[in-house]
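The analysis underlying the following values was restricted to heavy atoms, covering all of them including side chains, and did not include hydrogens, waters or symmetry mates. Residue numbers start from 1 in every chain, and the chains themselves are labelled A, B, ... in the order their sequence lines are given, proteins ahead of strands.
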2 protein chains.
Amino acid sequence: MVQTARERAREALTADIVETARGQLAEVGAAALSLRAVARELGLASSAVYRYVPSRDDLLTRLLVAGYESLGAAAEDADDPGLAPRDRWVAVSRGVRAWALAHPHEWGLLYGSPVPGYAAPQDTVVAAMRSAAVFGRVLGDAAYSGGLAGRAPNADRTALVGPDVTPVLGGEHPALDDDVRARAVLAWSSTLGLVSAELFGHLVGVTTDQEAFFTEQVGRLADLVGLAG
Amino acid sequence: MVQTARERAREALTADIVETARGQLAEVGAAALSLRAVARELGLASSAVYRYVPSRDDLLTRLLVAGYESLGAAAEDADDPGLAPRDRWVAVSRGVRAWALAHPHEWGLLYGSPVPGYAAPQDTVVAAMRSAAVFGRVLGDAAYSGGLAGRAPNADRTALVGPDVTPVLGGEHPALDDDVRARAVLAWSSTLGLVSAELFGHLVGVTTDQEAFFTEQVGRLADLVGLAG
DNA sequence: ACATGTCAAGAGCAGTGCTCTCGTCTGCGA
DNA sequence: TCGCAGACGAGAGCACTGCTCTTGACATGT
């Protein structure tokens, strides 16, 4: 028992605050998240909350990290290494969409417009990598299992992806050149766009069956990456 | 002169309020837009503004419509009917991106997370169509000029686009089936995703040259749609 | 010249983030 | 076992927000 009773109580109450804030976030959204409302729900004075959370921005950061972790876990759960590469990619994409539909306000916090006056600190980028890494793993496994199409016919185009993304996008492999990595980044940000467009209401009236439409589209994106299936 | 001096003064002041609010929006973002700050900047009492704008939400709606119109105009300006279909698509996409970079907070209002407690009224959807219609026109012109690839080999897949989008996506033409329309919708929402990802900081460290990267990616999307060039 | 009604302003309500102070109480070291 | 530093919760208060209501001045149309 390395921590005292006070420390335990402190951690428990801090966790309570973050959990209550998550509930608030799910109900009213990030920009309307109120520290006073969290305090009210916990039966605390608003000033007491500041003993545990230094500021509203810090609370947002915690929710941001928790959101990235939650999304990353959902993506990992949706992955099934036994499937063909293309089907794996589609399954992970569907997992991401399902999480977004279940947590729309959290998705807005992660990938929507930034909260005014708030800049995400550097700690959040590692958490943000978790879901992207799942796609990267599918890509890497496909390369090693031969489930990735060869070099595109016009692969002489510049690819323009930074060297930092190599580890997260499947690692080093002869089949994984910058051209296919650029395609993967395109597929990833396209998926972001599809989910956001659906969630933010930009596809109402455009599609007849949102889920089937999404599945078909991410399948096209998997083809664009060159995944076999 | 059908309107009295009072009516003219009223319209001028209303326009001043909206213009000042646009400035505020550009500076601090939509969620932090303050009616009182607008009033201060105009030398008015905060209560006086409510004589011209019924509520903050109504002001947001006006800014939303103005934003869609501004983006649509930028897309139209970027279009050049003399180019090959693929180059036209890329040019319009680049125009959209350039507008977004010049008006980041307005882009966030249009395509980012919705402002809490605010639901966009139906009037905004027609304005939102304007930029999409430019892409639709490029698609339609390509079909009529023969610059659109034929039916995809596996076009037996369901396409799942609603019938309402046909007019805006090039109209009726034998080469424009629901499969190619679905690809166009995918390319459009992918472009949304690319721009949002860049603007909201999700591509920092991923690409080495944002503009060249974007140009290359929307070129891939144009290929996916089947535009020749 | 007068009545109508539009106008700007101010006070006020309920809410926000955040700070400071003031008693209380806990837990650690002597 | 005692005493005290430090943590704790509560409350008041500041500056800000959107919005409503009243009040008094002014311009407009008859």
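At least one donor-acceptor pair closer than 3.5 Å links the side chain of B:Thr166 to the backbone N or O of B:Pro163. A donor-acceptor pair is defined here as one N or O able to donate and one able to accept, closer than 3.5 Å; such a pair exists between the side chain of B:Thr20 and the backbone of B:Asp16.
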Heavy-atom protein contacts under 4.0 Å, nucleotides 15-22 of chain C, coded B base, S sugar-phosphate only, - none: -BBBBB--

Nucleic acid footprint by protein, nucleotides 24-30 of chain D - heavy-atom cut-off 4.0 Å, B for base, S for sugar-phosphate alone: ---BSS-

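Distance A:Glu11 CD to D:dC8 P: 12 Å, rounded to the nearest Å. Distance A:Tyr52 OH to D:dG9 C1': 8 Å, rounded to the nearest Å. The CZ-C1' distance, from B:Arg8 to C:dT6, rounds to 16 Å in whole Å. Between B:Arg10 atom CZ and C:dT6 atom P the separation is 9 Å, expressed in whole Å. Taking atom CG on B:Asp16 and atom C1' on C:dA8, their separation rounds to 16 Å, with Å as the unit.
Residue B:Leu13 is in sugar-phosphate contact alone, with no base atom involved, counting any heavy-atom pair closer than 4.0 Å across all strands shown.
With respect to the salt-bridge test (charged N to carboxylate O, under 4.0 angstrom), the residues B:Arg62 and B:Asp58 qualify. A salt bridge links A:Arg88 to A:Asp79: one of the charged nitrogens lies within less than 4.0 Å of a carboxylate oxygen.
For the salt bridge (Lys or Arg N to Asp or Glu O under 4.0 Å) test, residues two or more places apart in sequence or in another chain that qualify with B:Arg97 are B:Glu198. In this view, B:Asp178 and B:Arg181 satisfy the salt bridge (Lys or Arg N to Asp or Glu O under 4.0 Å) rule, not counting sequence neighbours. Among residues two or more places apart in sequence or in another chain, the salt bridge (Lys or Arg N to Asp or Glu O under 4.0 Å) test is passed with A:Arg22 by A:Glu106.
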Run the side-chain donor-acceptor check on residues 25-50 of chain B: report pairs under 3.5 Å with partners two or more places apart or on a different chain.
{"unit_1": "B:Ser34", "atom_1": "OG", "unit_2": "B:Arg36", "atom_2": "N", "d": "3.2"}
{"unit_1": "B:Ser34", "atom_1": "OG", "unit_2": "B:Ala37", "atom_2": "N", "d": "3.0"}
{"unit_1": "B:Glu41", "atom_1": "OE1", "unit_2": "B:Gln24", "atom_2": "NE2", "d": "3.3"}

